[in-house]
Amino acid sequence: MPALSKILQQCRKWNSRHLLGIKDLSKSQIEQILRIALDLKGVPVDQLRKAAPLKGRRIFNFFVESSTRTKISFGIAARQLGAEVLDFSPGTSSLNKGESLKDTAKTIESMGVDFAVIRHPSSGAPEFLSRQIHGAVINAGDGASEHPTQALLDLLTIREATGRINRLKIALIGDIAHSRVARSNIWLHQKLGNEVTVCGPATLIPAGLPVTVSHDLDAILEKQDVVMMLRLQKERQEAGLLPSIREFSMLFGMTRERLDRLGKNAILMHPGPMNRGVEIAAEAADSHSAVILDQVGNGVVVRMAVLLLLKEALR
Ligand code: CP
């Protein structure tokens, strides 16, 4: 494993100021993030804390929408690298008094922040923010558009579980229409040349995606190396998209029976949070095929890698 000084040296070649989406990354940038995240796994936390490569930097965790995994892991990643983290709570902020996204960002920036990590219900909010402030902007999920660090941590998990990032068959199952995780994974695996199938009810699969489309989970299951169940976003369902959650679950849920039909080395993923008993049965979520908690754990190193790389463009 390379020493931390070598890893930091590798970061020097980075030249993008923001991470707004996987769509903006080249294949070699994706591979670079993955390599640095993998290398960081070999560096003990106390060594990271001692070296503190982000000492003196401030990170604004600007989450306007709920999050457990992403917000906490950005906080851990930033603190392990020696940065100061400012957590934003929309419920007690002046957003409640009608302050705009732009004014909120400018206000925080005037107190001195280097990175803004933003989650927002509107697609395009991170890109808008990147035009308003001088610091680096990281998209932590915007509407149904992108969730780039999720797709990157998914890739790291796939790499660790299967030993490769190419020649893969990947199926994304369920509510594709509302899923930013699906879009970021589709763009990422398209760049890597992997074979992506999306499977779900016709009402939850948007037209025009560069993937194979299926409405029959049982027909595609056995061929996949990676099966990623997506959360049924009950809060974003317009009337009429689904006859019933029970029917969705019967047709597109990962049940115990379907789990038994996965390939011998296939892995089962879910970005979380899960609706147990809806898109994934508890027995499947807790099975040996599931790498769901590995995904969560990998969020910290991937987000450390992203912070270290973007720091280079802040200089
Ligand atoms: N996967 C994911 O983005 O989870 P959170 O909403 O908990 O951050």
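Being a predicted model, the structure only gives us computed values, none of them experimental. The figures here come from the full heavy-atom set of this structure, side chains too, leaving out hydrogens, waters and symmetry mates. Atoms within each ligand, like the ligands themselves, are counted from 1 in listed order.
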Give a yes/no verdict on whether any heavy atom in Gln295 is under 4.0 Å from an atom of ligand 1. no
Considering only protein heavy atoms, which is closest to atom 6 (O) of ligand 1, and at what distance to one decimal place? Arg119 NH1, 2.8 Å
When only distance counts, is Pro273 in polar contact with ligand 1, meaning an N/O pair under 3.5 Å? no
Does a side-chain N-to-carboxylate-O contact under 4.0 Å join Arg180 and Glu146? no
What atoms of ligand 1 come closer than 4.0 angstrom to any heavy atom of Thr70? 2 (C), 3 (O), 4 (O), 5 (P), 8 (O)
Using heavy atoms and a 4.0 Å limit, tell me yes or no: is Gly141 in contact with ligand 1? no
Distance flag, aromatic centroids of Phe63 and Phe88, threshold under 6.0 Å: no
The protein heavy atom nearest to atom 4 (O) of ligand 1 is Arg69 NE, 3.0 Å
Student check: side-chain heavy atoms of Asp114 and Ile59 closer than 4.5 Å: no
Does the N or O separation between Lys71 and ligand 1 drop below 3.5 Å for any pair? no
Does a sphere of radius 6.0 Å around NZ in Lys191 hold more than 12 heavy atoms from other residues, nucleotides or ligands, not counting ones at 6.0 Å or beyond? yes
Taking the six-membered ring for Trp, are Phe248 and Phe252 parallel (under 30°), tilted (30 to 60°) or perpendicular (over 60°)? tilted
Run the numbers for me: atoms of ligand 1, each under 4.0 Å from some heavy atom of Pro271, listed by number. 1 (N)
Side-chain H-bond candidate by donor/acceptor type, Thr70 with Gln150, under 3.5 Å: no
Using a 4.0 Å cut-off to any heavy atom of Thr68, which atoms of ligand 1 qualify? 5 (P), 7 (O), 8 (O)
Crowding at CZ, Arg246 (>12 non-hydrogen neighbours, <6.0 Å): no
